[in-house]
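Treat the numbers as computed from the prediction; the structure is a model and nothing was measured. All ligand and atom numbering here is 1-based and tracks the order in the structure.
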Amino acid sequence: MSQLTWKTQELTVGELSRRSGVPASALRFYEREGLIHSRRTTGNQRRYTRHTLRRVAFVRASQRVGMPLAQIREVLSLFPDDHVLTKDDWARISECWRKDLNERIEQLENIRDNLTECIGCGCLSISKCALANPYDRYGEQGAGPHRMLKS
Ligand code: FES
């Protein structure tokens, strides 16, 4: 690929920010987190390929549905850095995440429904507080120091 082609196909961090609507600081954060990649010019400036726009859109959409960055990174790591994410990729990934989302929605509904039991006194009691132990997870495990033994 000629130098001219590279130049016309690459975006500066400012251009990527304008085109994606994501602040440059967030883009640098995404890069530090391994969600997007750039090459550095001889002057140490970032240059992104155009398909990075799709990655950024993917990250934003994933965050909007509440996916943690670690999970987004894990999914992106399945693709080569130069892979252009397609509509089919998103369809397959979002289908896998549907189960996760449904579980989290159910958990949030439980918390909402039990919220009236918590009086917000700050005790966060495992035995009494619906926020500290919303699903009585520790009760299901029986007696004993399960939380201490877990690490
Ligand atoms: S913080 Fe005390 S009951 Fe929830």
Undergrad: If you compare all heavy atoms of L35 against all heavy atoms of L76, which two are closest, and at what distance to 0.1 Å?
TA: O-CD1, 3.5 Å
Undergrad: Do D100 and Q71 have side chains that approach each other closer than 4.5 Å (heavy atoms only, starting at C-beta)?
TA: yes
Undergrad: With salt bridge (Lys or Arg N to Asp or Glu O under 4.0 Å) as the test, would you mind laying out the steps for E95 and R98 before giving the verdict?
TA: CA-CA 5 Å; E95 186 56 38; R98 187 177 303 275; 3.3 Å; yes
Undergrad: Going by an N to O cut-off under 4.0 Å, is there a salt bridge joining E103 and K99?
TA: yes
Undergrad: Any pair with a residue in residues 73-88 that passes salt bridge (charged side-chain N to carboxylate O under 4.0 Å, His left out), sequence neighbours left out, goes on the list, sorted by first then second residue, please.
TA: E33-R73
Undergrad: May I ask you to determine how many protein N/O/S atoms are under 2.8 Å from atom 2 (Fe) of ligand 1?
TA: 2
Undergrad: Between CG of L27 and OG of S20, what distance do you get to the nearest 0.5 Å?
TA: 5.0 Å
